[in-house]
Each structure stands twice: as structure tokens, then as C-alpha cells.
Amino acid sequence: MVKFKLYSPPKEGKEIKLKDKKLIVPDNPIIPFITGDGIGPDIMKVAKTVIDSAVEKAYSGQKKIAWYEIYAGGLAQEKFNELIPEDTFEAIKHYHVALKGPLATPVGKGHRSLNVTLRIVLDLYACVRPIRYFQGAPSPVKHPERMDMVIFRENTEDVYSGIEWKQGSKEVKQVIDYLNSNMGTKIKADSGIGIKNISVEGTKRLVRKALDYAISQNRRSVTFVHKGNIMKFTEGAFRNWGYEVAKEEYGDYTITEEELFEKYSGTQPKDKIIIKDRIADAMFQLVLTRPEEYDILAMPNLNGDYFSDACVAQVGGLGLAPSSNISDDIFIFEASHGTAPKYANQNKVNPGSLILTGGMMLNTIGFKEAEDLILKGIGKTIAQKTVTYDLERQMEGAAKLSTSEFGEKIIENM
């Protein structure tokens, strides 16, 4: 039994174990959850209710989630006078799987992103975001049903790694003086500086995750999205190292686009995954005009942030965007949107992102039948045009539901 300094141990459920990099899940797994800031309490309450109902319906009471609340953000500050207690990290490490609401991050001042802190401290190196269309959801494109992608975003490097020096500081002056004096640069003295770091290790482990997923889910292609024509030794290297992994470690499963035409006359073998790469700005155009040609996208951190939002805008917006941040032994499932503080405690916002994220979590722990019920319930609810305000205002003839009413309708439609 794990011992905590601040938290009481859970009273119900059994621990998820890890053996040979695989989760060993009991019928009543302990799942820690972080409520989150802003709209977090509204959507977490509904998401847990929907998840519990799906598990109950799928397994007739034979399986059940044992929820265990842990803390980060505003609630942690109120309760323990710190934004992320050490017990939170320890609980996630110990129980392996957690569900998380959105956490607030000040812009341009204050504390560093708590989301990024969790990812870096726990080495959650892959952000995984499936993007699918539910029939009837509002979309700005003509054929949103063609979008069926999974984005694998590297999580710990790139400009998000937080290596920065503030304009006017003693440290930034040292960096600028050194670079201008020793490296031949001509950086303006009144600049702020940030370092973009991309490593072989960070790149290759992300690409392995993407390829393992593609193989296990019978996906047809993996595309590296980069700006390597300009940033040759960071994003260009990401592309090159990705190809190395595919060839050297997954050669039995993969072919390049060149090989597709040279060896297979352009016809993809059923047992091969095509490895592609695209320049990031061109790819923004392609996900709009030819999304059906792309399946799994693997990319550095900042690109992944941009593309996740751009792609999900085509299928209904962030309210329908699930997300997870994972390593080889820790899996945090979280809403992909922010805290929306102006809507806090109004029972108004769309809980779909966190509910779908809960579905991802259920699939990961082997409760796939419960995830299928969630997908069915959300799909039918949207098709009936009974939705929250963000979707209702874009759908002709739709009925507007509150956060809790939307959850109840999903359960009814499972």
C-alpha cells in the first residue's frame, strides 16, 4: 500500500499493476482524478457519471471504477497551499492511470504551466489526440467525415520545454553576448531568448509510440509533420530520425512513399504501413483539402499543438476533442481545452472532450465495450441535435442543453 504525506489512501478498489510494459487491470481499478480549474468541476462531475454509467451498462455491475481524488491547481492551493503537491505525482506514478480536468496557466506572468510541469516531471513524452467526426456535428468544411486522424505530439522538448530568458534580464544579456561574440549571430540586444531543443531519444520514442499504435490499430500510414526545410537541425532532424526508426526497427511493417511506387507500382500492400513526411505549412492545407490521405500524424511539440486544434475545428471544435499524455508506464487522460473561467460553475459548457477522453481511458485499461457505449451515446445525442450551447448555436433546429443535461442524454442514448 502506497503511503502519502498529505492524502489518505483510497478506501475502495484495487491497484492497476504494470508487467512487461502492459497494464494488469482488476475489475475495480483505482483511478485517480484531478477535478481541474474553471469549468473543471462542471465537466468532471458529468464525465465521471457518464463513464460510470457506461461501465455499469457494459458489464452489468461486474466492473466498476474506484475514483480517487488527487489535487492540482486552484483546489490544491486552497487545500494544501501548493499548486501540485508531491503526493499528486506519487499517486499518478503508483496507480499508472489518471483522469484530469483543465488546469489554469497565466499568460505572460505568474507560475509556469501546470500541464507542462506534469508532463515533464512524469516524462509524459507523447500527447495522443484522436480526431473523428460524429454525424451531425457542425463543421466549417464540406466533408468533415473524411477526417479520421490520430496526432502523436512530442511532449517534452521543442520550445515547450521552457528554456527561456526574459528580455532585459541579466541572463538574457549573457546569452546574447555569448552568441553574438562566439557564434556569429546578430541578435538584437532587446530580445527575449528561447531555445528549441529536439533530441534523438525524444524523437525516436515518440515515433515508436506512433508506429506501435498504427500496427495495433491496423492504420495505413504515419506522416512526420515538420518544418525541416528551414529548421534543418531540429525539425529536419526529427524527420530523419523518424525514418531511421521506421526502417531499422519496423522494417517488416513499413515502406516509404518512394518504395510504394518503385516496388509496388503505387498499390499499398495490406500488411505495410506507408511512412510519409510533409512540411508543416503545406500540411495545414492538406488536412483541409485531402484529409482522407492521412492517418497517423507524428510531430514535434509546437506543431502538434497547432495541428490538434486546427484538425478538431473541422469536426466540431475542442468540445469534442479527447486527449492523453502518456509514457511507457503512466497514462494521464485530460480534456484538450482550457479552463474557460468565465463559464465556471454555470453548468453550461460542453463536457464532450472529457467524456471522450474518459472513453480513451476505458479502452486503454481494457474496458473497450464501455468506450463503445460512450461513442454510441455521444454520436446519437449529436445526431438528435440535443447539444450544449457551443454546438447548438451552429446547428439549425438544435435544442440547447446544460452540461449535466447533455451527460444525461448521452447515458440515455447508450
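Rounded to the nearest 0.5 Å, atoms CZ (F224) and CG (D277) are 8.0 Å apart. Rounded to the nearest 0.5 Å, atoms CG (N115) and CG (L103) are 5.0 Å apart. Note that CG of N155 is 8.5 Å distant from CD1 of I120, once rounded to the nearest 0.5 Å. Considering OG1 of T403 and CD1 of I43, their distance stands at 8.5 Å, rounded to 0.5 Å. The CG atom of D148 sits 13.5 Å away from the OH atom of Y133 when rounded to the nearest 0.5 Å. To the nearest 0.5 angstrom, I34 atom CD1 is 4.5 Å from I92 atom CD1.
The heavy-atom pair separating K63 from V55 by the smallest distance is O-CG1, 3.2 Å. Of all heavy-atom pairs spanning S324 and I326, the tightest one is OG-CG2, 3.9 Å. Minimum interatomic distance between Q62 and D27 (heavy atoms only, all atoms of both residues): O-CB, 3.6 Å. For the residue pair L206 and M299, the shortest heavy atom distance occurs at CD2-O, 3.7 Å. Closest approach of E145 to K142, counting heavy atoms only: OE1-O, 4.4 Å. Nearest approach of I151 to C311, heavy atoms of both residues: CD1-SG, 4.3 Å.
Within 6.0 Å of CD in E292 there are more than 12 heavy atoms belonging to other residues, nucleotides or ligands. Other residues, nucleotides and ligands contribute at most 12 non-hydrogen atoms within 6.0 Å of the OH atom of Y306. Around NZ of K272, the count of heavy atoms belonging to other residues, nucleotides or ligands within 6.0 Å exceeds 12. Residue K196 qualifies as enclosed at atom NZ: its count of foreign heavy atoms under 6.0 Å is above 12. The 12-atom threshold is not exceeded at OH of Y253, counting heavy atoms of other residues, nucleotides or ligands nearer than 6.0 Å.
Aromatic ring centres of Y294 and F307: separated by at least 6.0 Å.
Residues V207 and Y243 fail the side-chain proximity criterion, which asks for heavy atoms closer than 4.5 Å. Here the side chains of T386 and E412 are not in contact, with every heavy-atom distance at 4.5 Å or above. Side-chain contact between V97 and P29 is absent, with no heavy-atom pair separated by less than 4.5 Å. Using a 4.5 Å heavy-atom threshold, the side chains of H226 and I279 count as touching. A 4.5 Å side-chain heavy-atom check between H337 and V349 finds every atom pair outside the cut-off. Contact annotation: the side chain of L391 never approaches that of F134 to less than 4.5 Å [non-hydrogen atoms, C-beta and beyond]. Side-chain contact between F89 and T117 is present, with at least one heavy-atom pair separated by less than 4.5 Å.
In this structure, a donor-acceptor pair under 3.5 Å is absent between the side chains of D123 and S327. Residues T267 and S265 have side chains that never bring a donor and an acceptor to within less than 3.5 angstrom of each other. For D42 and Y343, the side-chain atoms include no donor-acceptor pair closer than 3.5 Å. Between the side chains of D212 and Y250, at least one donor-acceptor pair of N or O atoms lies under 3.5 Å. For the 3.5 Å distance criterion, the side chains of D37 and T339 fail to qualify, holding no donor opposite an acceptor.
Under the salt bridge (charged side-chain N to carboxylate O under 4.0 Å, His left out) rule, R278 has a single partner from E257, E293, E235, which is E257. P322 pairs in a side chain to side chain contact (heavy atoms under 4.5 Å, CB included) with only one of the listed residues (S336, S353, P130), which is P130. Each of R129, E334, R153 was scored for a side-chain hydrogen bond (donor to acceptor under 3.5 Å, both in side chains) with S323, with one residue passing: R129.
Side chain of N197 to main chain of E157: no donor-acceptor pair is present (N/O by atom type, distance under 3.5 Å, no hydrogens or angles). Not one N or O on the side chain of E164 forms a donor-acceptor pair closer than 3.5 Å with the backbone of K166. T185 places a side-chain N or O within 3.5 Å of a backbone atom of L179 that can act as its donor or acceptor partner. Formation of a donor-acceptor pair under 3.5 Å by the T203 side chain with backbone atoms of V200 is not found in this model. Not a single donor-acceptor pair under 3.5 Å links the side chain of R220 to the backbone N or O of I296.
Taking the six-membered ring for Trp and thresholds of 30 and 60 degrees, Y95 and F4 have ring planes inclined between 30 and 60 degrees apart. Between F80 and Y7, the angle of the ring planes lies from 30° to 60°, which puts this pair in the tilted group.
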